[in-house]
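Notes follow once the structure below has been shown.
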Amino acid sequence: MEWNCGNVQKWLLWTEHLYRLPQVGKAFQDLDGKDLCSMSEEDFRQRSPQCSETLHAHLDIWKSEADELWSEADSSCSGQPIHLWQFLRELLLKPHSYGRCIRWLNKEKGIFKIEDSAHVARLWGLRKNRPAMNYDKLSRSIRQYYKKGIIRKPDISQRLVYQFVHPV
DNA sequence: AATAAGGACACTC
DNA sequence: GAGTGTCCTTATT
């Protein structure tokens with residue numbers, strides 16, 4: 001609801017890339033976030049007959065995750081390079097926003113579980129501007145941390161459960 | 001089918 | 001050269 005026309009265009013660009021859509025930005029040039037949110041699927045159809053279904057569905061996903069995704073998109077504009085382990089820490093520090101997709105199993109020991117791998121990967125992709133990010137690739141990066149002593153598997157290995165070697 | 005481990009290579013800073 | 005991102009094979013759950 002706070003987006004200006006530029007934010008809308010950025011979202012469109014990202015969505016085009018994600019779903020390999022043709023460029024539709026021009027058809028939405030004059031819209032800000034409020035306009036976009038008030039659009040029905042029929043409204044989308046009038047502006048972009050080819051992509052209306054995809055755009056409308058994807059906007060629904062964003063609406064349902066509005067707070068968290070807005071903060072991600074916002075910080076990616078002026079963002080410093082962030083490491084994956086720092087990003088995961090950030091999410092874990094905000095259980096109110098992210099507790100449904102990643103949470104501590106044992107905060108003292110730094111053990112955490114990724115409850116929704118696709119969601120966490122999507123958030124990471126947003127932060128890094130990598131629309132093609134998924135859990136396969138995110139987890140590969142986590143594994144790189146094993147030999148660096150940043151993250152490891154807990155003593156009793158469980159799916160989607162990792163442990164920070166140096167808990168805060 | 002999803003996740004896990006790690007090699008290999010490309011890319012950006 | 002670091003830190004991924006991408007792709008892949010193989011094994012495990």
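Order of the sequence lines sets the chain letters (A, B, ...), proteins ahead of strands, with each chain counted from 1.
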Whole-Å distance, A:N134 CG to B:dA1 P, equals 16 Å
query = Do the side-chain N or O atoms of A:S117 get closer than 4.0 angstrom to the phosphate oxygens (OP1, OP2) of B:dA2?
reply = no
The reported gap from CZ in A:R127 to CE in A:M133 (rounded to nearest 0.5 angstrom) is 13.5 Å
Residue pairs meeting side-chain hydrogen bond (donor to acceptor under 3.5 Å, both in side chains), one or both in residues 136-145 of chain A, sequence neighbours left out, come to A:S139-A:R143, A:R140-A:Q144
A:E53 meets the salt bridge (Lys or Arg N to Asp or Glu O under 4.0 Å) criterion, sequence neighbours left out, with none
Its 5'-most and 3'-most nucleotides having an atom under 4.0 Å from a non-hydrogen atom of chain A, DNA chain C is contacted over C:dG3 to C:dT13
- Using a cut-off of 4.0 Å on non-hydrogen atoms, how would the nucleic acid contact of A:L160 be classed: base, sugar-phosphate, or nothing? sugar-phosphate
* Asked: For atom CD of A:Q50, is the number of surrounding heavy atoms from other residues, nucleotides or ligands below 6.0 Å larger than 12?
  -> no
- Query: Within less than 4.0 Å of OP1 or OP2 of B:dA2, is there a side-chain N or O belonging to A:Y135?
  - Reply: no
Could you tabulate the donor-acceptor pairs under 3.5 Å formed by side-chain atoms of residues 20-32 of chain A, not counting sequence neighbours?
unit_1: A:D30; atom_1: OD1; unit_2: A:R47; atom_2: NH1; d: 3.2
unit_1: A:D32; atom_1: OD1; unit_2: A:K34; atom_2: N; d: 3.1
unit_1: A:D32; atom_1: OD1; unit_2: A:D35; atom_2: N; d: 3.0

Distance-only donor-acceptor pairs under 3.5 Å for side chains of residues 160-168 of chain A, two or more places apart:
unit_1: A:Y162; atom_1: OH; unit_2: A:Y135; atom_2: OH; d: 2.7

Pairs under 3.5 Å (N/O, protein and nucleotides 10-13 of chain B):
none

Per nearest nucleotide of DNA chain C, the residue lying toward the 5' end, A:R159 or A:M133, is A:M133
Pairs under 3.5 angstrom only: tabulate donor-acceptor contacts from the side chains of residues 104-113 of chain A to other protein residues two or more places apart or in another chain.
unit_1: A:N106; atom_1: OD1; unit_2: A:E108; atom_2: N; d: 3.1
unit_1: A:N106; atom_1: OD1; unit_2: A:K109; atom_2: N; d: 3.0

Contacts of A:V120 meeting side chain to side chain contact (heavy atoms under 4.5 Å, CB included) (sequence neighbours excluded), chain-then-number -> A:L88, A:L91, A:C101, A:I102, A:I114, A:L138
Applied to residues 151-160 of chain A, the salt bridge (Lys or Arg N to Asp or Glu O under 4.0 Å) test, sequence neighbours excluded, yields A:R152-A:D155
When the rotation axes relating C1' atoms of four end pairs to the next four are compared across the helix from B:dA1-C:dT13 to B:dC13-C:dG1, five pairs an end, they differ to 10° by 20°
Using atom names, set out every protein N or O paired with an N or O of nucleotides 7-9 of chain B below 3.5 Å, distance rounded to 0.1 Å.
unit_1: B:dG7; atom_1: N7; unit_2: A:R140; atom_2: NH2; d: 2.9
unit_1: B:dG7; atom_1: O6; unit_2: A:R140; atom_2: NE; d: 2.7

Measure the acute angle between the ring planes of A:W11 and A:W3, then classify it against the limits of 30° and 60° as parallel, tilted or perpendicular.
tilted
>> Hydrophobic cluster membership, with links at side-chain heavy-atom distances under 4.5 Å among I/L/V/M/F/W/Y: are A:I82 and A:L123 in one?
In response: yes
- [ ] Determine yes or no for a side-chain-to-main-chain donor-acceptor pair under 3.5 angstrom, with A:Q86 supplying the side chain and A:H83 the backbone.
- [x] yes
Side chain to side chain contact (heavy atoms under 4.5 Å, CB included) filter on A:C37, not counting sequence neighbours, yields A:M1, A:K63
Separation of B:dG6 atom C1' from A:I142 atom CD1, nearest Å, is 14 Å
Practice item. Report yes if at least one side-chain N or O of A:Y146 is closer than 4.0 Å to OP1 or OP2 of B:dA4; otherwise report no. Key: no
